[in-house]
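Numbered from 1 within each chain, the chains take letters A, B, ... in sequence-line order.
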Amino acid sequence: MKIALLGNPNTGKSTVFNMLTGMRQHVGNFPGVTVDKKTGIIEIGEEKHELVDFPGTYSLYPRSKDEEIVYTSLCDPANSEYPDAVIVIVDASNLERNLLFFSQVYDLQIPIILVLNMTDLAHKQNKKVDVKALQDIFPEASVVESIARIKSGKNQLFYAISSLKERKGHIFHKDITVASSLDIKEQEQDTEKRFLHIKSIIGNLESVIEKTDRPANKWDKILVHPVFGYLIFAAILLIIFQFIYVFATIPMDLIDGFFASFSQWMAQSLPEGVLTDLLSQGIIPGIGGIAIFIPQIALLFFFIAILEETGYLSRVVFIMDKLLRPFGLNGKSVVPLLSSVACAIPGIMSARTISDWKERLITILVAPLMSCSARIPVYTVLIALVIPNKTVFGFMNVQGLVLFGLYALGLVSALGVAFLMKLFIKTKDKGFLMLEMPSYKMPRVQNILMVVLEKVKLFVWDAGKIILSISIILWALASFGPSGRIDEVLVAIETEAITENWTDSEKNQEIASAKLENSYIGILGKSIEPVIEPLGYDWKIGISLITSFAAREVFVGSMATIYAVGDDGEDNKPLLEKMRSQTRADGSPVFTLATGVSLMIFYVFAMQCMATLAVVKRETKTWKWPLIQLGYMGVLAYLAAFITYNLLS
Amino acid sequence: MQRIIVILVIIGATAYLGWKFYKKFYKKDEGCDKCAVKQVKKK
């Protein structure tokens, strides 16, 4: 049986999903749209059912792409996502608003279960829901009380699923019917009638025990305070980034060491040949280049999940609205912008919740300026390369501070660009913010770990396959060149080695360097060198800039691959050492403070992500906006890197 | 033999990236535009 899991946002839908499916989950896309489709298996004895987690919605009638999925899937029996049964999560502490959507789904005549969730919160707010009265109003629905956070109500829900029955045609109210078309007026009339009827019956369903100050209000006085609210949010962000930087280093070093040793072992153990080279210089470093980011990505999502689980993120949206509005953004832009810190793609997709077209477009256009997790590896390598690992003020790590600075620069530039775009993009509509403040909750470790696991899995499988493929192609481009060209150079080196009396080590280093320089990738890098020279970059960095257009994180993999080609098998120093030892023709080091910071600044601004451009095209339905985005970010990156390099040189 | 395996791996990686590119930029969006509640009514 295919069961749809539905409900308003912030009703604990994901918690119920995790409670019912455990670890038996899979994340994909709904057909034709780029909205996450989370499916899981419910096992009740020998019974197995598929549970599909649908996007949260307040009404059956869609106002965004996410909500449209619910509408099209439930209202069209021919739709591939049409369910055999539905479970609707209703927030017991907010019954009146939640019943609108439930009553609409109830009228669709699909076998239905009403999960009255968060009854503990309702109790804290001195509310009590009369379950029997609720059951009388919806006689064909199974009503189950639950506190999913602590897995209360799980067995009752399993029982309700096993006992689902065919519907007999009962509807919410004889004079109210679901709008039979996409006509807005008809939908509005239905919504109004339902609300009025729910208002008239809510008194029988819910009783207020005693009216006191909500516990949430006490916290809100501090967390949404016009001054302390912002200070607390900034402090939380600073702590998060310090944690990520300091704690991720240990597992990252372990992963790095493991892959370096494994690659070396492979090169020494397998018979010499082109396949061994591919494995030890292309595939193993490529896989290592994916695995090394896992600790930082996991930590970032760990903290974002905590902020979301506690209900604090909604407060952030609220306080940020006032701050963002002068920049042409909306309080809801915080979620896309904050999500873009992990990855711009889900960030851009989550901008769909912004109803105003102009605010949504500006959010989409500036979201990639927020430093995404793909930039972390680039920043990590460059910071370790040119920024000293020192402590200031007794506890602040300088490298961590620089990382925070890069993230802050991303945010400031996103706001600046948004402000400029506000002046250029014209619209008649005036935006507004409509927001629900969920109650504060203690985060559940299991839910947070599920989010972390899911995001890491997505990164490893989705981005990982691309990074690995690019690593292989890079290795090939760096290992082969136009026929005859490399042979000619090798003959010249052999001759020079004899006349100059080079040692074997010196000769091998020259051969490796000449091979790389005359490979396809070397030729490509050299051809763009005149353009990037004013930024302080050589042709090897140029190669990485080209390849990392596909995805930023490819930069480090590219550097590793490029320098590994020059490895004669005896030199096993890590990538950083190799980068440090790189010199220009005049003998000066390539990676000075000026070059390193210039590169970091370039990556703060440059639109080095093919997948993001594709998503922007899909979201704006035109090539115009992704091309504008590519252009303005490219110009900004070049100019900022040029100025930085010249100031620091 | 080693050379053949390497060529196959390189072709595989290139084909995978090409397919990803095609999927991201060119594959038709299969949206459901005709769905409406009235189809439920018809049923």
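- Applying the salt bridge (charged side-chain N to carboxylate O under 4.0 Å, His left out) criterion to A/Arg194, with sequence neighbours excluded, gives A/Asp107, A/Asp190.
- Considering only heavy atoms from C-beta on, B/Ile10 comes within 4.5 Å of A/Trp475 through its side chain.
- Remark: A/Lys465 engages no residue in a salt bridge (charged side-chain N to carboxylate O under 4.0 Å, His left out) (not counting sequence neighbours).
- Minimum interatomic distance between A/Thr276 and B/Gln2 (heavy atoms only, all atoms of both residues): N-OE1, 3.8 Å.
- Each of A/Leu275, A/Asp277, A/Leu279 was scored for a side chain to side chain contact (heavy atoms under 4.5 Å, CB included) with B/Val6, with one residue passing: A/Leu275.
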